[in-house]
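Beneath this line is the structure, given in structure tokens, with notes to follow.
Chain identifiers are assigned alphabetically (A, B, ...) following the order of the sequence lines, protein sequences preceding nucleic acid strands; residue numbering begins at 1 within each chain.
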Amino acid sequence: MAAYRKLPRAFYLRSTLQVARDLLGTILVRQIGKNRISGTIVEVEAYRQSDPASHSYRGRTKRNEVMFGEGGHLYVYFTYGMHFCSNIVTGKEGIGEAVLIRAVEPIDGIEWMKKKRKFDSHRKDLHNLTNGPAKLCQAFGFGRPEDGMDLLGNKVFIIRPAEERDFIISRSSRIGIKDGMKKKWRFFVKGNPWVSR
DNA sequence: CGACCGATTGACT
DNA sequence: GTCAATCGGTCGG
């Protein structure tokens, strides 16, 4: 592993909107034993504490505890009675903000992901593997045990790509929320096939 | 305590 | 396009 490419704590301690944009094009990595599961982040949404659509809006609770912790941790929550979604916590300890990872483009561990997603290995529509927040969570095997994991550890972390690729960042209002529709806090890589919808 | 509903997905008309 | 699945968080009484 190229340790020097791992995003440092300081990356996550900046403003949530800035972190959201800068996460596009970086690589989410999960190391499970000898298996490496990874993918390029291509779609995200920012959730700020002053935002009615954020879990942290009404204050600290057992569920959103991790959001209020130090930036650079993984916040995984359960929703719709059957799905998990994963976020990157931002800001200093005490600030409840995070960036929802909505889609990644797979790099390593594609067969592992297919197993987790209950995909037949012959399926060719790979975009369906990770083109949604609950889909990539399932593909990476993120659930309750992963809630709160430190992204500066060696199990789950984010790295810069070996070769920077140019891409255009588009933005829109966030998906699936009622409050905060006016805020264009969804950012994605224009034209990438793994972006949801 | 009961009712409502959600940062979604997959199956189906 | 519509809709059910399925359950924990949140809010009102």
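- The side chain of A/Ala134 has B/dT8 as its nearest neighbour among C/dG9, C/dC7, B/dT8.
- Between A/Tyr47 and B/dA7, a base-stacking contact is recorded: ring centres under 5.5 Å apart, planes less than 30° from parallel.
- Base pairing of C/dG12: its partner is B/dC1, meeting the Watson-Crick or G-U wobble criterion (both donor-acceptor distances under 3.5 Å).
- Of the two residues near DNA chain B, A/Lys178 and A/Asn128, the one whose nearest nucleotide lies more 5' is A/Lys178.
- Between A/Phe84 and A/Phe78, the ring planes lie tilted relative to each other; the angle falls in the 30° to 60° range.
- When each of A/Arg117 and A/Ile177 is assigned the nucleotide of DNA chain B with its nearest heavy atom, A/Ile177 is the one assigned upstream, toward the 5' end.
- The side chain of A/Arg58 places no N or O atom within less than 4.0 Å of a non-bridging phosphate oxygen (OP1 or OP2) of C/dG9.
- Taking only side-chain nitrogens and oxygens, A/His55 comes nearer than 4.0 Å to OP1 or OP2 of B/dA7.
- Straight-line distance from the CE atom of A/Met82 to the C1' atom of C/dG8: 12 Å, rounded to whole Å.
- Across all strands shown, C/dT6 forms no Watson-Crick or G-U wobble pair with both key distances under 3.5 Å.
- Here the nucleotide nearest the side chain of A/Cys85, chosen from C/dC11, B/dT9, B/dT8, is B/dT8.
- Per the geometry, CD belonging to A/Glu45 stands 6 Å off C1' belonging to B/dA7, to the nearest Å.
- Candidate nucleotides B/dG6, C/dG8, B/dT9 were compared by shortest atom distance to the side chain of A/Lys135, and B/dT9 ranks first.
- Atom name C1', nucleotides B/dA7 and C/dG1: the rounded distance is 23 Å, in whole Å.
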